[in-house]
Enquirer: 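Quick one: the structure is below, questions incoming.
Only heavy atoms go into these numbers, but all of them, side chains included; no hydrogens, no water, no symmetry mates. Naming: A, B, ... by sequence-line order, numbering from 1 per chain.
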Amino acid sequence: MSVEHPESAPPAPSDFIRDIVAQHVAEKRYAKIVTRFPPEPNGYLHMGHAKSICLNFGIARENGGQCNLRMDDTNPAKEEVEYVDSIIADVRWLIFGWADDCLGFKPKGAAPVRNESNGKLDFYLAPVPLDSGNTEPFFASDNFDALYAYAVVLIQKGHAYVCDLSPKETEEYRGSPDKPGRDSPHRTRSATENLDLFQRMRAGEFPDGARSLRAKIDMASPNIWLRDPLLYRIRHTTHHHTGNKWCIYPLYDYAHCLSDYLEGITHSVCTLEFEVHRPLYDWILGALDLPRALPHQYEFAKLNLSYTIFSKRRLLQLVQDKIVSSWDDPRMPTLSGARRRGIPASAIRRLATAVGVTKYDGLTDVAVYEHAVREELNALALRRLAVLRPVKLVLTNIPPDETIACEAVDNPQAENPVKRKVALTREVFIESDDFAEVPPPKYFRLKPGGEVRLKYACIIQCDEVVKDATGAITELRCTADLTTRSGGPNADKKVKGTIHWVSATESIDAEVRLYDRLFTVAEPGAEEDFKKFINPHSLEVIVAKLEPSLKGAQPSDRFQFERLGYFVPDAKDSTPGKLVFNRTITLKDAWLAKGPAPKK
RNA sequence: UGCCCGAUGGUGUAAUGGUAGCACAAACGACUCUGACUCGUUUUGUCUAGGUUCGAGUCCUAGUCGGGCAGCCA
């Protein structure tokens with residue numbers, strides 16, 4: 001069964017940004033809606049990014065538009081190709097079968113093409129269809145030549161100047177939120193001198209931090225970002241994508257708005273913290289007097305999930321301190337972690353729809369995510385029998401060499417359920433939780449003298465509890481009522497409980513990793529010392545008994561171990577010779593929630 | 001004591017001047033060869049104070065609370 005169910009994507013949502021886009025579509029303001037997802041390749045993508053991906057690609061697909069994947073790589077000190085590769089893989093996984101058609105890539109190695117339009121300098125980089133062969137994502141660093149040319153225009157127009165202030169002096173001159181800044185002594189340099197200095201900055205004549213290129217706006221602006229913000233800084237550093245071609249690098253505010261323009265972005269959607277940068281975004285584009293339609297920035301609140309952290313710094317700490325095994329540890333909130341955990345991409349898209357898009361910075365209950373995961377998996381997963389904590393049970397009226405074939409269903413939710421055979425034998429394993437010598441009130445499962453149904457098999461009665469010298473239960477001796485088998489004369493006999501089981505002689509062993517929430521509190525990121533909230537039981541490794549049909553299970557398969565939860569073969573560690581399953585998530589458990597709950 | 005943004009049940013969101021709705025969560029019940037799924041019922045909400053209006057969650061004013069902004073990070 002396929003893991004991806006594109007058709008299971010919920011209907012197109014509506015929100016304030018989509019409303020704006022719809023308005024623009026109605027006005028025919030743009031020939032085509034173009035959005036972009038612009039991660040910095042300095043870490044792995046996580047669920048927070050997923051919300052942005054779903055929004056940007058969602059807008060594109062709902063309007064017959066396109067969404068460019070762009071590496072926002074203007075800071076060579078922090079960025080690496082390893083991250084570029086993981087980002088591409090994660091984005092393609094998340095949108096697979098849903099928005100692939102909208103993914104904007106460019107020819108490998110392509111940079112914006114220069115042309116003059118009505119005497120105005122222009123650059124444009126057209127996207128190409130994904131299937132056109134040699135393609136790659138957009139890179140802000142591919143725009144460096146165009147960005148440089150535009151910086152020259154800014155200088156010529158008197159909108160930018162080279163400043164010799166040191167980083168510390170620049171900070172002092174900037175003032176503070178409630179105190180205006182002071183003009184830099186270099187603010188009044190002539191265009192000729194600025195051009196010469198900027199050219200020499202590029203040529204490598206000055207050391208890091210010696211000079212910078214600044215926009216000439218207003219040092220007294222109440223908006224800090226309008227107080228002559230830096231456009232270029234000197235960094236004699238090798239860049240992962242451009243090598244040693246440059247020693248000056250543009251800053252975010254300068255590179256981002258222009259990269260949007262160069263790619264023909266119409267709607268530049270970002271998170272709330274960039275709201276105060278929007279005037280600068282508009283100022284730069286406005287100062288350049290550009291010939292084509294300008295992009296506009298819209299901001300929304302990023303995703304916050306309870307019991308989860310998204311800070312790249314803290315996620316890195318978890319990896320470095322070996323609290324988790326890697327960036328793709330199934331407990332990590334990264335997309336690669338979720339993938340390895342067995343979370344379908346469709347479940348993440350469902351979450352994105354469920355949380356909506358607003359400007360309110362709230363905290364979403366992780367239960368919303370878990371519900372989305374169960375919703376998708378319930379439809380997708382193949383039901384299988386597996387016993388996590390086995391107790392031996394002997395059916396004393398079945399001869400040792402007899403095998404009774406029982407019919408089991410792969411997925412009762414499917415339109416035409418597929419069936420398979422499971423073998424009932426004299427000795428089986430049941431879950432230790434499913435027997436209680438002294439049952440709590442309302443206990444539906446097996447107890448001394450009690451009856452219960454073995455799922456897909458028959459009703460059994462517990463006759464005897466056998467214990468060892470320490471008092472531990474070694475086996476349960478029961479009688480099987482074969483007349484209650486499916487198709488049997490008493491098949492319709494009702495008992496309160498039905499439990500899962502596997503044949504003791506025909507089952508196979510597998511390592512099972514039982515994952516749980518990584519943190520014990522709803523807001524682990526609220527305090528600096530977030531590691532004290534780590535859940536010590538976030539991973540338990542056991543050896544379980546599985547029905548033999550699971551032998552060939554692949555990481556692309558999705559299973560529900562009946563009455564237990566959803567499980568997936570681990571993509572890294574599971575082999576045909578040694579199966580390893582990850583628990584994606586437990587089934588909802590109303591009994592567990594009630595109280596006198598045995599450990600699951 | 002600067003500027004920007006926000007505030008609707010426990011949580012997230014809808015209502016675009018006209019019956020406060022949905023989802024999750026919680027509780028109870030029905031169904032059940034998964035204590036799952038499904039179905040039904042229930043609890044809980046417009047930050048405060050003024051104003052405009054026949055009518056305000058929605059518009060205006062002031063306040064309260066929360067978030068963001070002073071990287072040569074993004």
Enquirer: Using a heavy-atom cut-off of 4.0 Å across all strands, would you classify A:Y232 as base, sugar-phosphate, or nothing?
Expert: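 Answer is nothing: A:Y232 stays at 4.0 Å or more from every strand.
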
Enquirer: With a 4.0 Å cut-off on N to O distance, would you call A:R383 and A:D410 a salt bridge?
Expert: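 Here A:R383 does not pair with A:D410 in a salt bridge, since their nearest N and O are not under 4.0 Å apart.
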
Enquirer: Would you classify A:V276 as touching base, sugar-phosphate or nothing, given that sugar-phosphate means primed atoms plus P, OP1 and OP2, and contacts are heavy atoms under 4.0 Å?
Expert: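 Contact class for A:V276: base.
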
Enquirer: Looking at B:C72, I'd like to know if its phosphate oxygens (OP1 or OP2) sit under 4.0 Å from a side-chain N or O belonging to A:T170.
Expert: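 False: A:T170 side-chain N/O out of range (4.0 Å or more) of B:C72 OP1/OP2.
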
Enquirer: I'd like to know if A:T74 reaches the base of B:C73 with its side chain such that a donor and an acceptor end up less than 3.5 angstrom apart.
Expert: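 In this structure, the two groups form no donor-acceptor pair.
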
Enquirer: Hey, does the side chain of A:R174 come within less than 4.0 Å of B:C72's phosphate (OP1/OP2), counting only N and O?
Expert: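 Yes, A:R174 has a side-chain N/O under 4.0 Å of OP1/OP2 on B:C72.
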
Enquirer: Quick check: are there more than 12 heavy atoms from other residues, nucleotides or ligands sitting under 6.0 Å from NZ of A:K359?
Expert: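 Result for NZ/A:K359: enclosed.
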
Enquirer: Expressed in angstrom and rounded to an integer, what is the separation of A:R278 atom CZ from B:C69 atom P?
Expert: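 Computing the A:R278:CZ to B:C69:P distance gives 16 Å.
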
Enquirer: If you check every side-chain atom of A:L587, which of B:C4, B:U34, B:G12 has the closest atom?
Expert: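 The listed nucleotide nearest to A:L587's side chain is B:U34.
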
Enquirer: With heavy atoms under 4.0 Å as the rule, sort A:Q560 into base, sugar-phosphate or nothing.
Expert: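 It contacts base atoms.
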
Enquirer: Once you apply a heavy-atom cut-off of 4.0 Å, does A:R235 come out as touching a base, just sugar-phosphate, or nothing?
Expert: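 Contact class for A:R235: base.
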
Enquirer: What contact category does A:H256 fall into here, base, sugar-phosphate, or nothing, at under 4.0 angstrom with non-hydrogen atoms?
Expert: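 No contact.
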
Enquirer: Taking NZ, NE, NH1 and NH2 as the nitrogens, is one of them in A:R182 or A:E172 under 4.0 Å from a carboxylate oxygen of the other?
Expert: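 Not counted as a salt bridge, because no side-chain N and carboxylate O are separated by less than 4.0 Å.
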
Enquirer: Would you state whether a donor and an acceptor, one from the side chain of A:R563 and one from the base of B:G35, lie under 3.5 Å apart?
Expert: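 Side chain to base: no pair below 3.5 Å.
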
Enquirer: Can you tell me if the side-chain N/O atoms of A:R233 get under 4.0 Å from OP1 or OP2 in B:C73?
Expert: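 Affirmative; the distance criterion is met.
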
Enquirer: To the nearest Å, give me how far apart CG (A:D589) and P (B:A25) are.
Expert: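 Between P of B:A25 and CG of A:D589: 14 Å.
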
Enquirer: Taking CZ from A:R558 and P from B:A36, how many angstroms apart are they, rounded to a whole number?
Expert: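 Whole-Å distance recorded here is 24 Å.
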
Enquirer: Classify the nucleic acid contact of A:P412 as base, sugar-phosphate or nothing, counting any heavy atom under 4.0 Å across all strands shown.
Expert: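 If one applies the 4.0 Å heavy-atom cut-off, A:P412 turns out to touch a base.
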
Enquirer: Once you round it to whole Å, what is the distance between P of B:A36 and CG of A:L592?
Expert: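 Going from A:L592 (CG) to B:A36 (P), I get 11 Å.
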
Enquirer: Check every strand shown and say whether A:I499 touches a base, only sugar-phosphate, or nothing at a heavy-atom separation below 4.0 Å.
Expert: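 No contact at all - A:I499 keeps every heavy atom at 4.0 Å or more from the nucleic acid.
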
Enquirer: Base, sugar-phosphate alone, or nothing: which one does A:S306 contact when heavy atoms must sit under 4.0 Å apart?
Expert: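 Contact class for A:S306: none.
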
Enquirer: Would you mind classifying the nucleic acid contact of A:R374 as base, sugar-phosphate or nothing, using non-hydrogen atoms under 4.0 angstrom?
Expert: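 No contact.
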
Enquirer: Does A:L165 reach a base, just sugar-phosphate, or nothing at all? Heavy atoms under 4.0 Å.
Expert: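 Here A:L165 touches the bases of the nucleic acid.
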
Enquirer: May I ask you to say whether A:E62 pairs ionically with A:R18, meaning some side-chain N is under 4.0 Å from a carboxylate O?
Expert: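 A:R18 and A:E62: salt-bridged.
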
Enquirer: Map A:G356 and A:S486 onto RNA chain B by nearest heavy atom, then report which one ends up closer to the 5' terminus.
Expert: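 Taking each residue's closest nucleotide, the earlier one in sequence belongs to A:G356.
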
Enquirer: Within the 4.0 Å heavy-atom criterion, would you say A:L230 contacts the bases, only the backbone, or no part of the nucleic acid?
Expert: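 The residue A:L230 makes base contact.
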
Enquirer: With the criterion set at under 5.5 Å between ring centres and under 30 degrees between planes, would B:G35 be stacked on A:W591?
Expert: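 Answer is yes, a stack.
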
Enquirer: Under 4.0 Å between any heavy atoms, over every strand shown, what does A:E562 touch: base, sugar-phosphate, or nothing? Just pick one.
Expert: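 Touches a base.
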
Enquirer: When you check the side-chain N and O atoms of A:E370 and A:Y307, is any donor under 3.5 Å from an acceptor?
Expert: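 A:E370 vs A:Y307: no donor-acceptor pair found between side chains.
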
Enquirer: With RNA chain B as reference, determine whether A:D19 or A:T498 sits nearer its 5' end, using the nearest nucleotide of each.
Expert: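 Nearest-nucleotide comparison on RNA chain B picks A:D19.
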
Enquirer: Just how far, in rounded Å, is P of B:A74 from CZ of A:F139?
Expert: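 Going from A:F139 (CZ) to B:A74 (P), I get 16 Å.
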
Enquirer: Counting only side-chain nitrogens and oxygens, does A:K494 get under 4.0 Å of the OP1 or OP2 atom of B:C33?
Expert: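 A:K494 to B:C33 OP1/OP2: side-chain N or O found under 4.0 Å.
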
Enquirer: Could you check if the base of B:G71 is syn or anti? Syn means the glycosidic torsion is within 90 degrees of 0.
Expert: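 Nucleotide B:G71 adopts syn.
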
Enquirer: Using 4.0 Å as the upper bound for N to carboxylate O, is an ion pair formed by A:R389 and A:E431?
Expert: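 Judged by the 4.0 Å cut-off on N to carboxylate O distance, A:E431 and A:R389 do not form a salt bridge.
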
Enquirer: With a non-hydrogen cut-off below 4.0 angstrom, is A:N223 in contact with a base, only sugar-phosphate, or nothing?
Expert: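 It contacts nothing in the nucleic acid.
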
Enquirer: Name the nucleic acid region contacted by A:E40, choosing base, sugar-phosphate or nothing; use a 4.0 angstrom heavy-atom cut-off, strictly under.
Expert: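 Sugar-phosphate only.
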
Enquirer: Determine whether the aromatic ring centres of A:F16 and A:F300 lie less than 6.0 Å apart.
Expert: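 Distance test on ring centres: not under 6.0 Å, no.
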
Enquirer: Do the two ring centres, one from A:Y281 and one from A:F274, sit under 6.0 Å apart?
Expert: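 So the answer is no for these two rings.
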
Enquirer: Tell me the interatomic distance from A:Y307, atom OH, to B:U11, atom C1', rounded to whole angstroms.
Expert: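 From A:Y307 OH to B:U11 C1': 12 Å.
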
Enquirer: When the distance from CD of A:E273 to C1' of B:C69 is rounded to whole Å, what number comes out?
Expert: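 Interatomic distance, CD of A:E273 to C1' of B:C69: 11 Å.
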
Enquirer: Should A:F444 be counted as stacked on B:G35, where stacking needs a ring-centre gap under 5.5 Å and an angle between planes under 30 degrees?
Expert: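 The base of B:G35 is stacked with A:F444 (centres under 5.5 Å, planes under 30°).
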
Enquirer: Would you say A:H371 reaches B:C24's phosphate, i.e. side-chain N/O to OP1/OP2 under 4.0 Å?
Expert: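 It does, given that an N or O in the side chain of A:H371 lies less than 4.0 Å from OP1 or OP2 of B:C24.
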
Enquirer: Report the distance from atom CG of A:L305 to atom P of B:A25, rounded to the nearest whole Å.
Expert: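 Rounding to the nearest Å, CG of A:L305 and P of B:A25 are 14 Å apart.
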
